[in-house]
Trainee: 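I have a structure I would like to understand better, so I am pasting it below and will then ask my questions one at a time.
A, B, ... follow the sequence lines: proteins, then strands. Residue 1 opens every chain.
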There are 2 protein chains.
Amino acid sequence: MSSAVANEKAIDLLKALAEPIRLEIIESLSNGEKCVCDLMQETDLAQSKISFHLKVLKEAGVITDRQSGRWVYYKLDIRALKSLQNWIKKLRKGCLSEASSCE
Amino acid sequence: MSSAVANEKAIDLLKALAEPIRLEIIESLSNGEKCVCDLMQETDLAQSKISFHLKVLKEAGVITDRQSGRWVYYKLDIRALKSLQNWIKKLRKGCLSEASSCE
DNA sequence: TTAATACATCAATTCTTCTTGATGTATTAT
DNA sequence: ATAATACATCAAGAAGAATTGATGTATTAA
């Protein structure tokens, strides 16, 4: 059977990445942890918009958050991109298909 | 400057992959070239639906097509997934961000 | 030449995602 | 306690993507 669960998670990851604003956020966070206010300044976008995209990224497992006082800091969770790379590798090898016998 | 063009292409690729039916098609094509009729049989989906998704995949560069008689055969273009892997690798390294100096 | 097959495309509808402005909640400063 | 801040969430609307059934086009078969 095809790895349906893995595929669903991968789809969430792919969708999370497939959006310009979210990519901008990710690229910003690759320079380190940031609070929402930092991201607002950098991107010049409305707060609700940023929070919306942060939520999508968080739910996909791309980022994690941590509250400190009245700030909420977001940072990348490296494992997400790592697992996506792994998934794509399998896809390339045809290891996700029904008929595959990769191991 | 951030590699905007590369990102746009990557977004197209990510979107193309981030859909269950299209993934099913990709997984099927990983077992070799198929005509639309083959895919219809395998997936049990309407022809217009399959053609729609094939178009998305083709425009993203994930697949290529070739006509033979009244059949149109589709197959994976390996380069697409390869370049996506490469893009993700850069993303992981923070090499897509404005501030990066990866080379 | 007419039929049938294989596929693409289209218009209308539906479904999903994104945006916007407003309101709600927690935390700190006064 | 009150006010200000940092952020989340919500409802309404806008925009985008997918589905559906129908029609169009090329190719081969009869």
Trainee: Round to a whole Å and report the spacing from CD of B:E59 to C1' of D:dA18.
Mentor: 14 Å

Trainee: Counting just side-chain N and O atoms, does A:S51 come under 4.0 Å of either OP1 or OP2 of D:dC7?
Mentor: no

Trainee: Consider the side chain of B:K15, meaning its heavy atoms from C-beta on, and name the nucleotide among D:dA17, D:dT28, C:dC7 that approaches it most closely.
Mentor: D:dA17

Trainee: With a 4.5 Å heavy-atom cut-off, do A:L29 and A:K75 have their side chains touching?
Mentor: no

Trainee: Applying side-chain hydrogen bond (donor to acceptor under 3.5 Å, both in side chains), name anything that partners A:S28, two or more places apart in sequence or on another chain.
Mentor: A:K34, A:E42

Trainee: When the distance from CZ of A:F52 to C1' of D:dA14 is rounded to whole Å, what number comes out?
Mentor: 13 Å

Trainee: Whole angstroms only, please: what is the CZ-C1' distance between B:R70 and C:dA3?
Mentor: 10 Å

Trainee: To the nearest Å, give me how far apart CG (A:L23) and C1' (C:dC18) are.
Mentor: 16 Å

Trainee: Taking all heavy atoms of B:H53 and all of B:I25, pick out the closest pair and write down the distance.
Mentor: CB-CD1, 4.0 Å

Trainee: Mind jotting down which residue pairs meet the disulfide bond (SG atoms under 2.5 Å apart) criterion with at least one end in residues 42-73 of chain B? Sequence neighbours excluded, please.
Mentor: none

Trainee: Taking all non-hydrogen atoms of both residues into account, name the closest pair between A:A18 and B:I11 and its distance.
Mentor: O-CG2, 3.9 Å

Trainee: Determine: side-chain N/O of B:Y74 to OP1/OP2 of C:dA6, distance under 4.0 Å, yes or no.
Mentor: no

Trainee: Is there a residue in residues 34-49 of chain A whose heavy atoms reach under 4.0 Å of DNA chain D, and which residues are they?
Mentor: A:C35, A:V36, A:C37, A:Q47, A:S48

Trainee: Starting at CH2 of A:W71 and ending at C1' of C:dT27, how long is that distance when rounded to a whole Å?
Mentor: 9 Å

Trainee: Got a second to check how far B:L81's CG is from B:I26's CD1, nearest 0.5 Å?
Mentor: 6.5 Å

Trainee: Grab the CG-P distance between A:L57 and C:dC18 for me, whole Å please.
Mentor: 10 Å

Trainee: Tell me the interatomic distance from A:H53, atom NE2, to C:dC18, atom P, rounded to whole angstroms.
Mentor: 6 Å

Trainee: Could you tell me the separation between the NZ atom of A:K55 and the P atom of D:dC10, rounded to a whole number of Å?
Mentor: 7 Å

Trainee: Checking all strands, does B:I21 fall into the base, sugar-phosphate, or nothing category for heavy-atom contacts under 4.0 angstrom?
Mentor: sugar-phosphate

Trainee: Taking C-beta and beyond as the side chain, do A:T43 and A:K49 meet within less than 4.5 Å on heavy atoms?
Mentor: no

Trainee: With the 90 degree cut-off around zero defining syn, does D:dA3 come out syn or anti?
Mentor: anti

Trainee: Could you identify the nucleotide paired to C:dT9, looking across every strand shown and requiring Watson-Crick or G-U wobble geometry with both distances under 3.5 Å?
Mentor: D:dA22

Trainee: Watson-Crick or G-U wobble partner for C:dC15, using a 3.5 Å limit on both distances?
Mentor: D:dG16

